[in-house]
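Before any comments, here is the structure.
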Amino acid sequence: MAGDAGNAGGPGDAGDAGDAGANVIHADLDAFYASVEQLLDPALRDRPIAVGGGVVLAASYQARAFGVGAGMPAWRARSLCPELVIVNGHFREYQHLGDAVMDVFSCFTPSVERISIDEAFLDVSGASRLFGAPTSIALEIRRRVREEIGLPLSVGVAQSKHLAKVASQVAKPDGMVVVAPGHEEEFLHDLPVSLIWGVGPATAARLASAGIHTVGQLAAVPDGFARHLVGERAGQKMAALANNVDPRKVGPARPASSMGAQAALGRQRATPELVRSTLGYLADRVASRMRAAKCAARTVTVRVRFPGLRSVTRSVTMPMPIDTTLTLTEVAGELAWTAISQERQIELSLLAISASHLVAHSVQLALPFAGGPPAPKVAARSQIDRAVDAARARFGRQAVGYAAVVFSSTPSVPEEFRELAERHAERAIDQSRAT
DNA sequence: TCTGGGGTCCTAGGACCC
DNA sequence: TCTGGGGTCCTAGGACCC
């Protein structure tokens, strides 16, 4: 593996020292959205670019060198990097190219666990007879993705998912790191704790206040100390990963347990019209997805964010699941107004609806329940939904909607971006929980 | 001119039941 | 009369991930 990655130093270079047991590959496309834009428009190559509108969704490595990162307001990104080029995303291209990369992975093993549009775990333990050692497979995958698709891909090869993931992060950008069996502790020892899966800014700060900065330091603290510091379960998991204990296997994702939608509003007065139209739009998205997935929700949660980023949630669990757009709109509306009036706020910056306690159902739900709409209304709404779903299936989503549900304000992000994110969240609902 | 949209998991208190 | 423990569900908030 000579010369494949300049940053694959340390134990990772022992690629031919026998990586029997290092059968997990984590493959992660670098700065995915930005790399696609640079692929589509050669004029953007080697330049600092960001994908987004008012906010940066992704930044090229040339832009990251200036401190530009995802989630940053565009004005701030420009001030950090005056020559930054901000482009609108080609969200449908992202889906196509992400799928094409996954197809390359599938050429080497059927065991591909896609965890986002641009990232997957591969178990290649059964692939060596056909394709050689995991290290050779990883090299070949990188080569093919680069030559056939044109995108840079970083890979980590190790015994466990966690270690493979850490390795691919260390390998970025456009590199490969192999953690040879027997060298795991050595590899992890000096890395910052923030590379551990599940250790974010808050946990890292708490650990730092206790003098813990590296994975080695975390692994060395007495049993129970981590749990005292960050809580029972989080502490357990964190300590296990620091000690390289990770029993997770590469496999299919579990069924979705919730579905939601949100809309940032900038800063607007909390008028009944605004709340009604925004929640109507969001409920339409969520409810139609539920119906398409043949499921319904017992719990509805509304999140309301106010200027200053403070947010509150209100939720309710109903005796019967719902999947009707208008009923979801009404339930969400009551929750939202409860929160807005309790908080005595007059302006909003975001509204969100989430549906959980999802229950699979094969027949159309039209069951009334105490406190819900009366039976004839439920049946009528169900019919309306079915008609709308059918019309959309034939003529497209924009063809028909609910009069009161037209999203009045300018959408904060393009429709294609929402669709990309939704499609990515699509996972089968557990049909064993059918009503 | 202070922030996108999609998710998961955990904690803690209270209600309720046995 | 006062008192005990355990389990489950619901709600609100927070941390984290892509």
Side-chain angles (χ1 to χ4, degrees), chain A residues 26 28-29 31-33 50-58 68-79 89 91 94 98 114-120 162 165 168-169 194-207 227 230-238 253-267 281-282 285-286 289 298-319 335 338-339 342-343 349-358 411-427:
Chain A
H26 181 255
D28 197 349
L29 289 155
F32 179 52
Y33 294 177
V51 177
V55 66
V56 173
L57 297 174
V68 175
M72 187 176 280
W75 63 264
R76 181 158 152 66
R78 280 188 217 277
S79 76
F91 298 100
Y94 304 160
R114 187 174 191 173
I115 58 178
S116 73
I117 188 162
D118 59 355
E119 192 181 340
H162 181 248
K165 166 107 178 152
S168 74
Q169 302 312 299
S194 56
L195 280 182
I196 294 179
W197 201 90
V199 176
T203 304
R206 242 182 262 185
L207 292 173
R227 276 174 293 175
V230 303
E232 189 66 24
R233 300 294 288 270
Q236 251 175 38
K237 287 187 176 180
M238 198 177 68
R254 282 175 313 169
S257 69
S258 72
M259 277 184 199
Q262 60 176 299
L265 302 169
R267 185 183 183 131
Y281 168 81
L282 295 172
R285 294 201 76 92
V286 174
R289 280 173 68 200
R298 277 187 58 221
T299 301
V300 177
T301 302
V302 165
R303 186 159 72 99
V304 184
R305 198 182 69 189
F306 307 106
L309 296 190
R310 207 180 78 81
S311 70
V312 297
T313 62
R314 292 292 179 275
S315 67
V316 63
T317 300
M318 298 158 295
L335 291 169
T338 303
Q342 282 175 351
E343 300 294 320
S349 74
L350 176 141
L351 284 169
I353 294 177
S354 175
S356 56
H357 270 97
L358 297 180
S412 42
V413 295
E415 187 73 5
E416 293 78 25
F417 180 63
R418 288 181 187 275
E419 283 170 14
L420 183 69
E422 284 176 4
R423 199 158 35 233
H424 203 70
E426 294 306 331
R427 278 183 281 167

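We name chains A, B, ... by the order of the sequence lines, and we start the count at 1 in each one. This one's a predicted model, so the numbers in the text were calculated from it and none came from an experiment. No hydrogens, no waters, no symmetry mates; every other heavy atom, side chains included, goes into these values.
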Exercise for the section: Name the nucleic acid region contacted by A:Pro307, choosing base, sugar-phosphate or nothing; use a 4.0 angstrom heavy-atom cut-off, strictly under. Expected result: nothing

Handout entry: Separation of atom CG in A:Leu207 from atom C1' in C:dC16, rounded to whole Å
Key = 14 Å

Handout entry: Heavy-atom side-chain proximity of A:Glu422 to A:Met259 below 4.5 angstrom
Key = no

Handout entry: DNA chain C contacts made by residues 68-78 of chain A, counting heavy atoms under 4.0 Å
Key = none

Practice task
Check for a donor-acceptor pair, side chain of A:Arg76 on one end and backbone N or O of A:Ser79 on the other, with a separation under 3.5 Å.
Solution key: no

Practice task
Assign A:Ala261 to base, sugar-phosphate, or nothing according to its heavy-atom contacts below 4.0 angstrom with the strands shown.
Solution key: sugar-phosphate

Problem - Criterion side chain to side chain contact (heavy atoms under 4.5 Å, CB included) on A:Leu207 and A:Met238, from CA distance to verdict - result: CA-CA 11 Å; A:Leu207 292 173; A:Met238 198 177 68; 3.9 Å; yes

Handout entry: Any A:His26 side-chain heavy atom under 4.5 Å of A:Gln169 side chain
Key = yes

Exercise for the section: Have a look at A:Leu309 and say if it touches a base, only the backbone sugar-phosphate, or nothing, with a 4.0 Å heavy-atom cut-off. Expected result: base

Handout entry: Between B:dG4 (C1') and A:Phe417 (CZ): distance, integer Å
Key = 6 Å

Problem - Those residues that, when tested against A:Arg227, pass salt bridge (Lys or Arg N to Asp or Glu O under 4.0 Å) (two or more places apart) - result: A:Asp223, A:Glu232

Handout entry: C:dC16 OP1/OP2 closer than 4.0 Å to side-chain N/O of A:Thr203
Key = yes

Exercise for the section: Mind calculating the distance between CG (A:Leu351) and C1' (B:dT3) to the nearest angstrom? Expected result: 16 Å

Practice task
Sequence neighbours left out, what passes salt bridge (Lys or Arg N to Asp or Glu O under 4.0 Å) with A:Arg305? Give chain and number order.
Solution key: none

Fill in the blank from the handout: Those residues at least two apart in sequence (or on a different chain) that pass ring pair (Phe, Tyr, Trp, His ring centres under 6.0 Å) with A:Phe91 are A:Tyr94, A:Phe417

Practice task
Indicate yes or no: at least one non-hydrogen side-chain atom of A:Arg314 is less than 4.5 angstrom from one of A:Val304.
Solution key: no

Exercise for the section: Check whether any side-chain heavy atom of A:Arg285 lies under 4.5 Å from a side-chain heavy atom of A:Gln262, and answer yes or no. Expected result: no

Handout entry: Whole angstrom value for the distance that separates P of C:dC16 from CD1 of A:Ile196
Key = 12 Å

Completion exercise
DNA chain B nearest-nucleotide lookup for A:Ser349 and A:Arg289: closer to the 5′ end is A:Ser349

Problem - Residue pair A:Val230 / A:Lys237, side-chain heavy-atom distance below 4.5 Å - result: no

Exercise for the section: Check DNA chain C for consecutive Watson-Crick or G-U pairs with both distances under 3.5 Å and list the runs of at least three as stems. Expected result: B:5-18 with C:5-18

Handout entry: Comparing A:Tyr33 and A:Val230 on DNA chain B - which has the more 5′ nearest nucleotide
Key = A:Tyr33

Handout entry: Interatomic distance where CD belongs to A:Gln169 and P belongs to C:dC18 [whole Å]
Key = 7 Å

Problem - A:Asp118/A:Tyr33 under side chain to side chain contact (heavy atoms under 4.5 Å, CB included): CA gap, chis, key distance, verdict - result: CA-CA 9 Å; A:Asp118 59 355; A:Tyr33 294 177; over 6 Å; no

Handout entry: Backbone of A:Thr299 reached by a side-chain donor or acceptor of A:His357 within 3.5 Å
Key = no

Problem - A:Leu265 CG - B:dT3 C1' separation (whole Å) - result: 13 Å

Practice task
Ignoring backbone atoms, establish whether A:Lys237 has a side-chain N or O less than 4.0 Å from OP1 or OP2 of C:dA15.
Solution key: no

Exercise for the section: Calculate the interatomic distance between A:Lys165 atom NZ and C:dC16 atom P; express it in whole Å. Expected result: 15 Å

Fill in the blank from the handout: Expected string for nucleotides 5-14 of chain C under the B/S/- scheme (protein heavy atoms, under 4.0 Å, primed atoms plus P, OP1, OP2 as sugar-phosphate) is -----SSSS-

